[in-house]
Amino acid sequence: MRSLAVVTVLLSALACSPSGGSAAPTPAARPPVQDAGAPGIGDRDFPLDGNGGYDVAHYGLKLGYDPGRRFLTGTATVQASAKQALSRFNLDLAGLTVDQVSVDGAKATFDRKGDELTIVPAAPIADGARFTTVITYSGRPQPVKDSSNLGTYGFIPTQDGAFVTCEPNGAKTWFPANDHPADKARFDFEITVPKGLVALANGEMSRPATTSGGKTTYHWRERHPMATYLATMTLGKFELRQGRTPSGIPNLTAADPRFRSALDRLHTNTGKITDYWATVFGPYPFSSTGGVVDDFPAGYALENQTKPMYGGFDPDESIVAHELAHQWFGNSLTIKRWRDLWLNEGFATYAEWLWSEHSGRSTAETIFAGFRARPASDPMWAYPPGKARPGDLFNESVYTRGGMTLHALRKAVGDQVFFKLVKEWATTNRHRHVSTEQFVALAEKRSGKQLDSLFDAWLFQPRRPA
Ligand SMILES: [Zn+2]
């Protein structure tokens, strides 16, 4: 994720930057229920995000959207395995009307409260068992609007379709999800829209689009694990460009007709930057790359897996470099708790500086020195980026001081160790979950240096490092 407004101020000076559902029968009394899955996955900063007691392996989402009525119909097939005995469990779902739920083919009862959908299967699920939940639902999706530094996110209806960007917890605005990055899963999408529109989701098209009765159906498959916030079903009028990067990775880019003139440049930059990051961070972690420019003026870009979304602007190289670096840092390597967000945003911001350096513009050292010169009273120094705060998750410090942390590390261990370490980090943790503690441990191991005071000063202290 990168906002256009907040993060680019100094960099642009130095470099070249741009710019209620119905409820089924509810148990009458609610004594503590044995073997109930927890309503949150255990991130203390976001206590109701995700759910406990199971792990999702696959989402099969069959979706239809009518932009005229702004109406979504969905059938979600969620394959999961129980991590405890479950007499009931939750999914996250905001708004929309649930029509029916089944578990392993047997009708289940369910209950809605806030953004929690509680499902009571006909028979309890045994610890370790695999089970399949099918939820049919429909309604007018509403994006999340109350966020402090994100503006609007989730399923956002547009004039010709929808712009769908869900970080940190907006997947629940369009499908029932274990909506927290600690549970990644594979996805299949079957999306039906009025003929003439294009529906874009993650991964690759698993079969050609078919049109009948004035509607076109698109099939997409993301066969690598993906966090729910990276899923998309952005749809509307799009011009597409299909090809390969110079090294041969399939590359699909798209632009709303209003941004037609941006498409060639996006396509070329996406190809060359994806390939360059593969030389710096190790092999590209997914089966295709790409990017989408829609006309919704989001004021930010989001690194949706395999298809970053640029909301209403023609992206320059710097922001493309940022979103594509996230394919490694955030998408392949995924955080288990949001307070580690600097592992996504600090790396993606530092990637912007590396791209600037690679392109013969300002070096990372020059950019670092510019930020380092900010007065001690600058708010960035009061916000420790290693503890991203739930109400101010995307604070500039998480980006800039996060990136500065990596540059301070690079200076402490030298270029050779630093770049080897970054590549090892991305390669050995490919498609896994990571934490700050793991990164610090690897940095110390590979450099042979005691680095706790460096990381403590840059990540955890509410003041400018000495
Ligand atoms: Zn970002």
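Here, residue 1 is the first one in the sequence, and each next residue gets the next number. Order of appearance sets the numbers: ligands from 1, and atoms from 1 within every ligand.
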Residues in ring-ring contact (aromatic ring centres under 6.0 Å, His included) with Tyr310, at least two apart? none
Of all N, O or S atoms in Glu345, identify the one at the shortest distance from the Zn ion (ligand 1). OE1
For the Zn ion (ligand 1), decide whether Asn344 has an N, O or S atom at a distance under 2.8 Å. no
Under 6.0 Å between ring centres: does that hold for Tyr399 and Trp342? no
Salt bridge (charged side-chain N to carboxylate O under 4.0 Å, His left out) against Lys307, all qualifying residues, sequence neighbours excluded: none
Looking from the Zn ion (ligand 1), what is the angle between NE2 on His326 and N on Met1, to the nearest 10°? 90°
Tell me whether Lys336 is salt-bridged to Glu437, with the criterion being a basic N under 4.0 Å from an acidic carboxylate O. no
Look at Glu303 and state whether any of its N, O or S atoms is less than 2.8 Å from the Zn ion (ligand 1). no
